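Before any comments, here is the structure.
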Protein chains: 2
Amino acid sequence: MGIIRKTQSVALLLNEFHDQTTAVSVIELVKRFRAKINKTTIYRVLDKLEDDGVLHSFLGKDGNKWYAKCAGCSKSKHTDLHPHFECVVCGKIDCISVDIQLPEIPNREITSSQLLIQGKCETCHR
Amino acid sequence: MGIIRKTQSVALLLNEFHDQTTAVSVIELVKRFRAKINKTTIYRVLDKLEDDGVLHSFLGKDGNKWYAKCAGCSKSKHTDLHPHFECVVCGKIDCISVDIQLPEIPNREITSSQLLIQGKCETCHR
DNA sequence: TTATATTTGCAACTCAGTTGCATTAACATC
DNA sequence: GATGTTAATGCAACTGAGTTGCAAATATAA
Ligand SMILES: [Zn+2]
Ligand SMILES: [Zn+2]
Ligand SMILES: [Zn+2]
Ligand SMILES: [Zn+2]
């Protein structure tokens, strides 16, 4: 079930997602809003925003949860399927808006997938 | 640092990896060996076997750790890079030995990647 | 057999994420 | 603007996978 009331927590959290490509970890959000929003609320609001097709979530290399803005998703379905790039130097994760080529797997019906790529980002590259 | 002594724990655990394609979760191994091996030992032995290039690990959709046999890896490097297929019905995970096509990402240096695919396996398909 | 270093078990811990419940606040209606 | 309803929030306690420190056990070499 998604968001029904436009509360302060929702406004504050949404404001942290500036563009379509930069992901933010829940751990980071809990830290940032330590004084303003309870961590339970943060988890619940993010979960609802994902239900609404406003944000999408995925797990980083360490298994922690990250969120990023969706592009063109709705309550009914998340159409925004793309890989994520995690910088091994600075730790940030970006959405990479390219189509990924899934392999053919005989006798299996694919419903979803996640591709997480590690490496050095544009900033940490040189 | 890898395995140095061939202990009973190592033998028991290795014996759980029957073929090159079936992965086993650590949670499952801890359950199976509840009476015989301490969970700390299980985590440590698996970690060493990965260092040795005998097993490789990855995270399932829920972020829990899974291990599977390597094919042609060594202490010095894990060359066995492949996607994993997680059945949404029965929960098992298989190694899929196909080459994956990573997207071109400008200005970024890729060092590693993980592709996890969900769907219905051969058994749960129909 | 003895010495030595690795491995194991145990208990306690860490920490991301969850749950139940009482309180607060958004919002519709008057 | 005041009031009532119900979603949303805060809090504290919990869950469970994975980790740590240390003393006891065991594999291996001498
Ligand atoms: Zn970077
Ligand atoms: Zn994304
Ligand atoms: Zn299945
Ligand atoms: Zn594998």
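Only a predicted model underlies this, so the values are computations on that prediction, with no experimental measurement involved. These numbers come from the heavy atoms of this one structure, side chains and all, not from hydrogens, waters or symmetry mates.
Between A:Phe85 and A:Lys92 there is no side-chain heavy-atom pair separated by less than 4.5 Å. Considering only heavy atoms from C-beta on, B:Arg32 comes within 4.5 Å of B:Val24 through its side chain.
An OP1 or OP2 oxygen of D:dA8 is reached within less than 4.0 angstrom by no side-chain nitrogen or oxygen of A:Thr41.
Looking at residues two or more places apart in sequence or on another chain, you find a side chain to side chain contact (heavy atoms under 4.5 Å, CB included) between A:Leu102 and A:Ile100, A:Ile110, A:Ser113, B:Leu115, B:Ile117.
Counted by atom type alone, B:Gln118 and A:Thr111 present zero donor-acceptor pairs between their side chains at under 3.5 Å. Of the N and O atoms on the side chains of A:Thr22 and A:Asp19, at least one donor lies less than 3.5 Å from an acceptor on the other residue.
The outermost nucleotides of DNA chain C lying under 4.0 Å from heavy atoms of chain B, listed 5' to 3', are C:dA5 to C:dA11.
Taking five base pairs at each end of the helix from C:dT1-D:dA30 to C:dC30-D:dG1, the local helix axes there meet at an angle of 30°, rounded to 10°.
Other residues sharing the hydrophobic cluster of A:Ile27, ordered by chain and number and joined by side-chain separations under 4.5 Å: none, the residue standing alone.
Cluster annotation: A:Ile96 and A:Phe58 are assigned to distinct hydrophobic clusters (Ile/Leu/Val/Met/Phe/Trp/Tyr, side-chain heavy-atom contacts under 4.5 Å, transitive).
A heavy atom lying under 4.0 Å from DNA chain D marks none of the residues of residues 83-94 of chain A.
No more than 12 heavy atoms of other residues, nucleotides or ligands lie within 6.0 Å of NZ in B:Lys120, so this atom counts as exposed by the packing criterion.
Between the side chain of A:Glu50 and the backbone N or O of A:Ser57 there is at least one donor-acceptor pair closer than 3.5 Å. The closest donor-acceptor contact from the side chain of A:Asp52 to the backbone of A:Val54 lies at 3.5 Å or more, if one exists at all.
Straight-line distance from the CD1 atom of A:Ile37 to the P atom of D:dC11: 12 Å, rounded to whole Å. Taking atom CG of residue B:Asn38 and atom C1' of nucleotide D:dG21, one finds them 14 Å apart after rounding to whole Å. The distance between atom CG of A:Asp47 and atom C1' of D:dT9, rounded to the nearest whole Å, is 15 Å. Summarising the geometry, the separation between CZ on A:Arg5 and C1' on D:dA8 is reported as 7 Å, rounded to the nearest angstrom.
Both B:Arg44 and B:Thr7 lie near DNA chain D, and the one whose nearest nucleotide falls closer to the 5' end is B:Arg44.
Using a 4.0 Å heavy-atom distance criterion, B:Val30 is classed as making no nucleic acid contact.
In this structure, B:His82 and B:His56 have perpendicular ring planes: the angle between them is above 60°, well past the 30° mark.
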Which letters describe nucleotides 13-19 of chain D, given B = protein heavy atom under 4.0 Å from base, S = only from sugar-phosphate, - = neither? ----SBB
